[in-house]
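Down below is the structure, laid out as C-alpha cells.
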Amino acid sequence: MNLNQKVTQFLANMPSKSISPKMLATNLGLADDADTYKNLLKTIAHLEESKAIEVTAGGNIALPQPEAAIIEGTFSANPRGFGFVRVGENEPDVFVKRGNTKFAMNEDVVEVKITSPANPLKGNEAEGKVVAIKTRAVTGLVGEFYAFNEAEKQDSGSLLGYVVNKNKKIPFRTNISKKGLHPEVGDIVRVDITHYPDRDFPDILQGLVVEIIGKSTDTGIDVLEVLESMGIPSEFPEDVIAEANAVSEEIAEKDIIDRVDYRNEITFTIDGADAKDLDDAVHIKALANGNIELGVHIADVSYYVPEGSALDKEALNRGTSTYVTDRVVPMLPERLSNGICSLNPRVNRFTQSCVMEINADGHVVNYKISQSVIKTTERMTYSDVNEMIAGNPEFLEKFANISESVTQMAKLHANLLAMRARRGSIDFDTQESKIIVDKLGKPIDILVRKRGIAEMMIESFMLIANETVARSFATRELPFIYRVHEHPKADKLTRFIDFASVFGIPLQGTPEKMASKDLQDFMLKIKGQPGELVLATMLLRSMQQARYDEDNLGHFGLAAEYYTHFTSPIRRYPDLLVHRLIRAESKPTSEVIAHFEAIIPEVAQQTSSRERRAIDAERAVEAMKKAEYMESYVGTEYEVTISSITRFGFFVSLPNTIEGLVHMSTLGDDFYNFNERDLTLKGERTGKVFRMGQPIKVKLIKSDKITGDIDFEHVNSELDVVEAVEKGSRGDRGGRDTRDKRPDWKKNKDKKPFYKQGRKSDGKK
C-alpha cells in the first residue's frame with residue numbers, strides 16, 4: 001500500500017471529521033523522521049491538488065464530503081477578505097467567508113463547494129468554500145514602485161522592491177523580481193504577475209515590471225493609475241487606430257440611396273456643453289390626428305465598425321466608455337467618436353432612426369425603425385434649451401428656428417413622464433457630484449450635478465425609443481440583447497420593509513410580490529420628509545443590478561415590459577450590437593438567426609462585466625479626488641447628515657455629496673450598542689442616539705487621497721438626540737469592539753512585514 005492509499009484509508013476510517021497533519025503523521029508512525037514527515041506533507045499537497053482530500057480553514061485535512069455540491073462561478077472579491085461567487089444570472093450568489101477563498105482574486109473563475117445551503121425562510125444565503133481556481137482574471141496590474149526598507153533589504157533575495165496598486169479589490173502588495181525592468185522609487189509601472197498568493201505567501205503577489213508608465217508626480221498620472229490598475233486601457237492598439245484612420249470623412253450620395261432621408265426635418269442635438277461625441281438627435285412635429293411624431297436618430301456606428309474587425313474586437317473588450325473627472329476613456333477612437341460618427345451640426349450623417357407616433361397618453365401607437373440619413377439644424381446645450389423652456393426671450397430669439405419644436409418637446413416629455421408614473425416607474429432622484437479640477441488635475445470644487453427639464457426631456461425620449469426597439473424584436477421573437485432589471489430579492493426587500501417601518505412609513509405588497517408601483521407610491525410618501533434621501537438610498541441598495549441578457553426579463557425599475565440600449569452606440573457596445581441586429585434582422589435568414597443566438601449570451605455577460613468595471617473605476621477616481629479635495633480642510637467642522645450605520649461606526653454626508661466615516665473608536669464618551677433592526681447606535685450611559693437621516697456636527701480629522709478614506713469625529717452640539725436609557729438593557733455588546741477592516745496597507749505595515757523571500761522561478765504558476 002503506497003502513502004497516498006495509507007492517508008486516504010486512514011481518513012476514511014477515523015472517527016473525527018478532520019485531523020491535523022502532525023496528528024496524522026503520529027497515527028501513521030511518520031512523525032519521528034524529518035524526511036518521512038516532509039514526504040507526507042508532499043503527499044497531502046498532491047492529494048489536495050487532485051481533490052482526493054481537502055484542507056479546512058483551520059489547516060486540518062479531511063476527505064471531501066460527497067454530498068456537498070461543487071459548482072463553477074465567478075468570484076467577486078471584497079477588500080475585507082471575503083467574497084461572493086456568481087454562479088448564474090438567475091441563481092443567488094454564494095457567500096465565501098475569509099479563509100475559505102483559496103486566495104481567489106476578483107473575477108477569477110472558481111469552483112466552489114456549498115458548505116451551507118441557502119435558507120430563504122430564514123433569509124440565509126448559501127455559503128461555500130473555493131476548492132479550485134480555474135482561470136485567473138488578473139494577470140497584470142499597475143501601481144507605484146517602492147523600495148524595501150533596510151530590514152527588508154537584508155532578506156529580499158531576488159527581489160527589487162514592491163508595487164502598491166489602487167484597485168481595492170486586489171488588496172495585496174506585489175513584490176517585484178529583479179528579472180524584469182528596474183524602476184526607480186515613485187515610478188508608476190505595469191507588472192505582469194508571475195505568482196499568486198498561496199498558503200506559504202498569503203499576503204503577496206509577485207511579478208515582473210514590463211513597462212514604466214511615468215512618475216507619481218506627473219500631471220494626471222493618479223487617474224491613469226486607477227484606470228490602468230482596473231484593466232481599463234488608455235491607448236488603442238495600432239491596428240485599431242489604422243482601421244479608424246482608414247474610414248472616410250465623406251458620405252457618398254450612392255450610400256444614401258437605400259436610407260430613409262430625414263434631412264428636411266428640423267433635427268437637433270441636445271447635450272452637455274463639453275460633449276464631443278454627439279450620438280443622438282431628435283425631431284418632433286404635430287400630426288393631423290392630434291398625435292405627436294417623435295424622431296430619435298442615433299449615430300449609425302455599426303456602418304463604420306464591421307463585426308469581427310479590429311475596431312469591433314477592441315470595442316467589445318472595452319465594453320463601454322469610462323467617464324472620470326477630467327477625461328473620458330472612449331470605447332472607440334476619437335476619429336470615429338468625435339468625428340464621422342458624431343452628429344455634428346449641418347453635415348450629412350448616417351443614423352438609425354426610431355420614429356414614433358405617440359398619443360396624448362404617452363403611448364406609442366405606431367413606429368418605424370430604419371437606416372437613415374440626417375442633417376442636424378443646431379447643436380444645442382442643455383443650458384440653452386432650459387433657458388428656452390423657461391421663456392428667456394434672448395434664447396427664444398437666438399434659436400427661433402427650433403423654438404416651436406422645443407415647446408412641443410417639453411409638452412411631450414410631460415406626457416411621457418405621466419405615462420411612466422401611472423405604470424409605476426420608480427424615480428430615484430439621487431444626488432450626483434460634479435468634480436471641478438484645474439489644469440493640473442487638482443480638484444478645486446465639488447458641486448451637486450443639477451438636472452433641468454432639458455436633461456430629463458432627452459432622457460424621456462431615449463427611454464421611449466429604447467422600449468420601442470426592444471418591443472419590435474420581442475414581438476417578432478428574434479435574437480436580441482435586452483437591458484433587464486429583475487424583481488428585487490425577497491430577503492433584501494424584507495430588510496428594507498422592516499427598516500422603513502421604523503420611520504412609520506408602511507409599504508404595500510409582500511417582498512415576494514412587491515410591484516414597482518408599490519415602491520413608487522412609497523417614494524412619493526417620503527418626498528420632502530427628513531429621511532427621504534436615506535430611505536431612497538436604502539431602497540436603491542435593495543434593488544438588483546441592471547444587466548444585459550438574451551432573454552426579455554423586463555425592467556422592474558422602469559416598470560417596462562420591454563427594454564434595451566439602442567441610443568448610445570458610440571459609448572456602449574450593446575447599443576452597437578442592437579444597431580447591427582436592426583440591420584441584419586430586417587430580413588432574417590436561418591444563418592443570421594443562428595449566428596446571433598450563438599454570440600449574444602457571451603456578449604451580454606462580458607458587457608455587463610465591463611460595465612461593472614467602469615463603474616468601479618469611476619467610483620474609485622471620485623473617492624480619490626474627493627479625499628484630495630478635503631485634505632486642505634482637515635480640522636474644519638461641518639453640519640452633516642448620517643447616511644448609514646454600521647457596527648464599527650457611521651457614515652455621514654455633506655451637502656456636496658462628500659461622504660466620510662465616524663469610527664466607533666472616536667466615540668469616547670460612552671459605550672454604544674448597535675441595533676441591527678433599526679440601524680441605530682445608542683449610548684448605554686448617556687442615551688445619545690445616532691440614526692440614519694439624523695443631522696449632527698462633525699470635525700474632519702483625516703483625508704487620505706491614496707486610500708480615498710475621509711474620517712470625521714463627532715462634535716457635541718444642540719443637534720444631538722438623547723433618549724431615555726432602559727435600565728438593565730445592554731443591547732448588542734459587539735458594536736464597540738468592532739474595528740474598521742478597510743484595506744489600508746499603511747495601517748498594517750508595522751504589524752506584519754510584507755516582504756518574503758523571492759521564489760525560485762518567475763514562470764507563470
Side-chain angles (χ1 to χ4, degrees), residues 259-270 279-300 343 349-377 380 385 402 404-423 425 453-476 478 480-483 552 554-555 558-569 575 578-579 581-583 585-586:
R259 291 176 174 265
V260 180
D261 194 338
Y262 291 108
R263 286 178 290 181
N264 291 327
E265 300 291 350
I266 300 175
T267 305
F268 48 95
T269 60
I270 307 177
D279 54 8
D280 59 84
V282 289
H283 86 256
I284 194 170
K285 61 185 178 184
L287 299 177
N289 61 2
N291 291 340
I292 294 292
E293 177 180 289
L294 172 69
V296 175
H297 310 277
I298 309 299
D300 189 3
L343 306 182
R349 285 292 185 257
F350 285 162
T351 49
Q352 293 204 15
S353 299
C354 179
V355 178
M356 298 156 282
E357 181 183 345
I358 304 174
N359 65 20
D361 292 328
H363 295 299
V364 175
V365 295
N366 200 2
Y367 63 86
K368 181 177 184 177
I369 300 170
S370 62
Q371 318 297 305
S372 55
V373 60
I374 67 168
K375 181 187 286 188
T376 57
T377 305
M380 299 298 296
V385 175
I402 65 168
E404 183 179 347
S405 293
V406 169
T407 300
Q408 290 179 323
M409 286 179 179
K411 291 179 180 177
L412 176 60
H413 161 61
N415 290 343
L416 293 173
L417 195 64
M419 176 272 294
R420 294 200 305 273
R422 286 193 298 272
R423 75 184 187 194
S425 178
I453 293 177
E455 288 90 337
M456 293 186 287
M457 181 176 77
I458 289 299
E459 181 180 319
S460 280
F461 297 166
M462 299 305 112
L463 288 173
I464 196 66
N466 285 334
E467 287 186 48
T468 302
V469 171
R471 180 184 291 109
S472 74
F473 277 85
T475 53
R476 288 183 291 156
L478 290 169
F480 198 61
I481 185 167
Y482 296 91
R483 179 69 169 179
N552 178 36
H555 197 293
L558 293 172
E561 186 177 358
Y562 313 99
Y563 197 66
T564 191
H565 275 165
F566 155 77
T567 54
S568 294
D575 305 55
V578 166
H579 282 223
L581 289 166
I582 289 172
R583 177 179 286 107
E585 296 187 349
S586 59

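Keep in mind the model is a prediction, meaning the values are calculated, not measured. The first residue of the sequence shown is numbered 1, and numbering continues consecutively from there.
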Please confirm whether the backbone N or O of [Y] pairs with a side-chain atom of [X], one donor and one acceptor, at under 3.5 Å?
X: Asp280; Y: Leu343; value: no
X: Gln352; Y: His579; value: yes
X: Arg483; Y: Thr564; value: no
X: Thr475; Y: Arg471; value: yes

If you count heavy atoms of other groups shown closer than 6.0 angstrom to [atom1] of [X], is the number above 12?
X: Asn289; atom1: CG; value: yes
X: Ile266; atom1: CD1; value: no
X: Ile453; atom1: CD1; value: no

Do [X] and [Y] pair up side chain to side chain, a donor and an acceptor below 3.5 Å, judged on atom types alone?
X: Arg420; Y: Ser460; answer: yes
X: Thr267; Y: Thr376; answer: no
X: Asn466; Y: Tyr563; answer: yes

Check the pair Val578 / Val469 against side-chain contact (heavy atoms from CB on, under 4.5 Å), numbers first and verdict last. CA-CA 9 Å; Val578 166; Val469 171; 4.0 Å; yes
Locate the shortest heavy-atom distance separating [X] from [Y]; write the atom from each residue and the value.
X: Ala474; Y: Asn552; answer: CB-ND2, 4.3 Å
X: Gly362; Y: Leu416; answer: O-CD2, 3.6 Å
X: Cys354; Y: Ile369; answer: SG-CG1, 4.1 Å
X: Thr269; Y: Ala281; answer: CG2-CB, 3.8 Å
X: Pro569; Y: Ala299; answer: CG-O, 3.3 Å
X: Ser472; Y: Arg476; answer: O-NE, 3.0 Å

Evaluate side-chain contact (heavy atoms from CB on, under 4.5 Å) for Arg422 paired with Met419, printing each intermediate quantity in order. CA-CA 5 Å; Arg422 286 193 298 272; Met419 176 272 294; 3.7 Å; yes
Answer yes or no: is there an ion pair linking [X] with [Y], defined by an N-O contact shorter than 4.0 Å?
X: Arg349; Y: Asp300; answer: no
X: Lys285; Y: Glu265; answer: yes
X: Arg423; Y: Glu467; answer: yes

Given Phe268, Tyr262, Phe566, Phe350, the one that forms ring-ring contact (aromatic ring centres under 6.0 Å, His included) with His297: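 Answer to the ring-ring contact (aromatic ring centres under 6.0 Å, His included) test with His297 among Phe268, Tyr262, Phe566, Phe350: Tyr262.
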[X] [atom1] to [Y] [atom2] distance, which is reported to the nearest 0.5 Å:
X: Met409; Y: Leu294; atom1: CE; atom2: CG; value: 6.5 Å
X: Thr468; Y: Leu463; atom1: OG1; atom2: CG; value: 10.5 Å
X: Ser353; Y: Ile374; atom1: OG; atom2: CD1; value: 6.5 Å
X: Phe473; Y: Tyr562; atom1: CZ; atom2: OH; value: 14.0 Å

Does some side-chain heavy atom of [Y] sit less than 4.5 Å from a side-chain heavy atom of [X]?
X: His413; Y: Glu459; answer: no
X: Asp361; Y: Asn415; answer: no
X: Tyr367; Y: Val355; answer: no
X: Ile292; Y: Leu287; answer: no
X: Val296; Y: Met356; answer: yes
X: Ile358; Y: Glu293; answer: no
X: Leu412; Y: Phe461; answer: yes

Worked check of side-chain contact (heavy atoms from CB on, under 4.5 Å) between Ile464 and His363: CA-CA 9 Å; Ile464 196 66; His363 295 299; over 6 Å; no
Set out, in order, the CA-CA distance, both residues' side-chain angles and the distance that settles side-chain contact (heavy atoms from CB on, under 4.5 Å) for Ile298 and Thr351, then state yes or no. CA-CA 5 Å; Ile298 309 299; Thr351 49; 5.8 Å; no
